[in-house]
Amino acid sequence: MSEAPPTPCTIPCTAPYTAALRGPRHRWWRPLVGAAVVAGGLLVLVLLTGLGYGVAWFATGLEGAALDEALLGSWWGLLLSNLALAAGIPLARLAVRAGHGREPGLVSSVAGRWRWRWALRVLPPVLAVAVAAALAMAVAEVLAGRPAFGEGTAPAAGQAVALLAVVLLTTPLQAAGEEWFFRGWLSQALGSWCARPVVGAVLAAVVSAALFSAAHGAQDAWLFTDRLVFALVASWLVHRTGGLEAAVVLHAVTNVVVVVPAVLTGALAQAVAQTGAPPVLVVLDVAGMLAAAAAVDALARRPGRAAS
């Protein structure tokens, strides 16, 4: 029996994104097959990352914390990190194809494709809100007697250009990889186990948010909360619009707006390896996330917003 074709939709989309992998061919074990594919892909990625780390150790002669700092503050270290995380895109698509036997485009949206026009509509308001939130947080830092964008030594012009090029060209891919993995494959795999779409949406949002936040490593309660709220907002955007586009734009813009000033002030390693956040910055950041989500919702409410 063939599967139903991808659901055409307008924005906002009423087709449940987290139920996209359910259908006549769905079986309870299919998400487990997809998980096995993901586990294999992650193992390969870990091995390749370890190989890259070994090459860096051999080339620089550094080790331990000194090597970590050199990698985090260099353009090639940032490039490798972003590309490794961007691997979440093909990994999620492979898991859906091999594990669920469905079209990989369903990870992008219930329409079965990435909706470029919708993503571009979302970009300007999200960018405006993100910049405003970043400026508010910078002012809060200055008022607290701390550097606005972190403390460091500004890089040389050539290094700054290389870092900015890597940030602008690959940070959107890094953000997309995380969204395809957590809000995409993982959320749809969890949702496919639930007969009621609303239960699947809530389960997917909570579990993927917790795992996304924990995957960032050691962090204090405030920073964990900040990332948890971001993940829940991203899941809501996916549910609201029927695809990953708005969540990817929010994630990519947020990261770029944070990383670019860190590059210019020489605080990149500090920003990337952040393990804590002052409460006032978390409050401002969460306010920015909610404002961005409200802006996307306002766009979605306008009539005639075709998902294309």
Side-chain angles (χ1 to χ4, degrees), residues 3 6-7 9 11 13 15-23 26 30-42 45 82-116 118-119 122 171-194 197 200-216 227-228 230-252 254-255 293 296 307:
E3 295 284 2
T7 307
C9 68
I11 303 294
C13 190
Y17 176 86
T18 50
L21 298 184
R22 290 186 64 86
H26 174 71
R30 283 194 175 276
L32 300 180
V33 176
V37 171
V38 167
L42 290 177
L45 190 59
N82 281 354
L83 292 181
L85 292 171
I89 300 173
L91 189 57
R93 292 174 61 88
L94 180 60
V96 167
R97 167 62 78 185
H100 297 266
R102 301 300 303 272
E103 287 297 322
L106 286 173
V107 186
S108 298
S109 75
V110 294
R113 65 186 186 280
W114 176 264
R115 299 166 297 183
W116 280 106
W118 172 238
V122 168
T171 296
L173 295 176
Q174 164 261 317
E178 294 184 20
E179 292 304 315
W180 249 267
F181 187 87
F182 288 102
R183 257 65 67 186
W185 165 77
L186 178 60
S187 293
Q188 289 186 329
L190 291 169
S192 71
W193 270 324
C194 302
V202 172
L203 175 67
V206 172
V207 174
S208 66
L211 292 178
F212 170 81
S213 304
H216 284 79
R227 287 164 172 161
L228 184 71
F230 170 83
L232 291 173
V233 169
S235 287
W236 181 83
L237 288 173
V238 171
H239 178 75
R240 173 72 169 142
T241 64
L244 295 176
E245 298 89 355
V248 170
V249 169
L250 176 61
H251 198 156
T254 299
N255 284 5
V296 172

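Count residues from 1 along the sequence.
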Between Trp193 and Leu203, does a side-chain contact (heavy atoms from CB on, under 4.5 Å) hold up when you go through it step by step? CA-CA 10 Å; Trp193 270 324; Leu203 175 67; 5.8 Å; no
Would you sort out whether Val38 and Leu186 count as a side-chain contact (heavy atoms from CB on, under 4.5 Å), showing the intermediate values? CA-CA 10 Å; Val38 167; Leu186 178 60; over 6 Å; no
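- Applying the salt bridge (Lys or Arg N to Asp or Glu O under 4.0 Å) definition to pairs two or more places apart or across chains, none involves residues 201-214.
- Glu179 is linked by a side-chain hydrogen bond (donor to acceptor under 3.5 Å, both in side chains) to Arg183, His251, counting only residues two or more places apart in sequence or in another chain.
- Listed by chain and residue number, Val206 satisfy the side-chain contact (heavy atoms from CB on, under 4.5 Å) test with Val202 (two or more places apart in sequence, or in another chain).
- Using bins of under 30°, 30° to 60° and over 60° for the plane-to-plane angle, the ring pair Trp185/Phe181 lands in the tilted bin.
- Legend: residues meeting side-chain hydrogen bond (donor to acceptor under 3.5 Å, both in side chains) with Arg30, ordered by chain and number and at least two apart, are absent.
- With sequence neighbours excluded, the residues that form a side-chain contact (heavy atoms from CB on, under 4.5 Å) with Ala87 are Leu45.
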Working note: Asn82 + Thr171, criterion side-chain contact (heavy atoms from CB on, under 4.5 Å); need CA distance, chi angles, decisive distance, verdict. CA-CA 6 Å; Asn82 281 354; Thr171 296; 3.5 Å; yes
Between Phe212 and Leu232, is a side-chain contact (heavy atoms from CB on, under 4.5 Å) present by the stated rule, with each step listed? CA-CA 10 Å; Phe212 170 81; Leu232 291 173; over 6 Å; no
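- Ser192 places no side-chain N or O within 3.5 Å of a backbone atom of Ala20 that could act as its donor or acceptor partner.
- Residues satisfying the side-chain contact (heavy atoms from CB on, under 4.5 Å) test with Ala86, not counting sequence neighbours, are Leu173.
- Listed here is the closest heavy atom pair of Ile89 and Ala176: CD1-CB, 3.8 Å.
- When all heavy atoms of Gly99 and Val33 are compared, the pair lying nearest together is CA-CG1, 3.7 Å.
- Among all heavy-atom pairs drawn from Ser109 and Tyr17, the shortest one is CA-CE1, 4.1 Å.
- Closest non-hydrogen pair, Asn255 versus Ala175, comes out as ND2-CB, 4.5 Å.
- Thr18 OG1 to His239 NE2: the interatomic distance, rounded to the nearest 0.5 Å, is 7.0 Å.
- Taking CG from Leu250 and CG from Leu244, the interatomic distance works out to 12.5 Å, rounded to the nearest 0.5 Å.
- For Glu245, the side-chain hydrogen bond (donor to acceptor under 3.5 Å, both in side chains) partners two or more places apart in sequence, or in a different chain, are Arg115.
- The two residues Val296 and Ala246 come nearest to each other via the heavy atoms CG1-CB, 4.0 Å.
- Applying the side chain to side chain donor-acceptor pair (under 3.5 Å) test to pairs two or more places apart or on separate chains, those with a residue in residues 89-99 are Arg97-Glu103.
- Looking at every heavy atom in both residues, Pro31 comes nearest to Ala189 through CG-O, 3.8 Å.
- Remark: side-chain polar atoms of Gln188 are paired, donor with acceptor, to backbone N or O of Leu106 under 3.5 angstrom.
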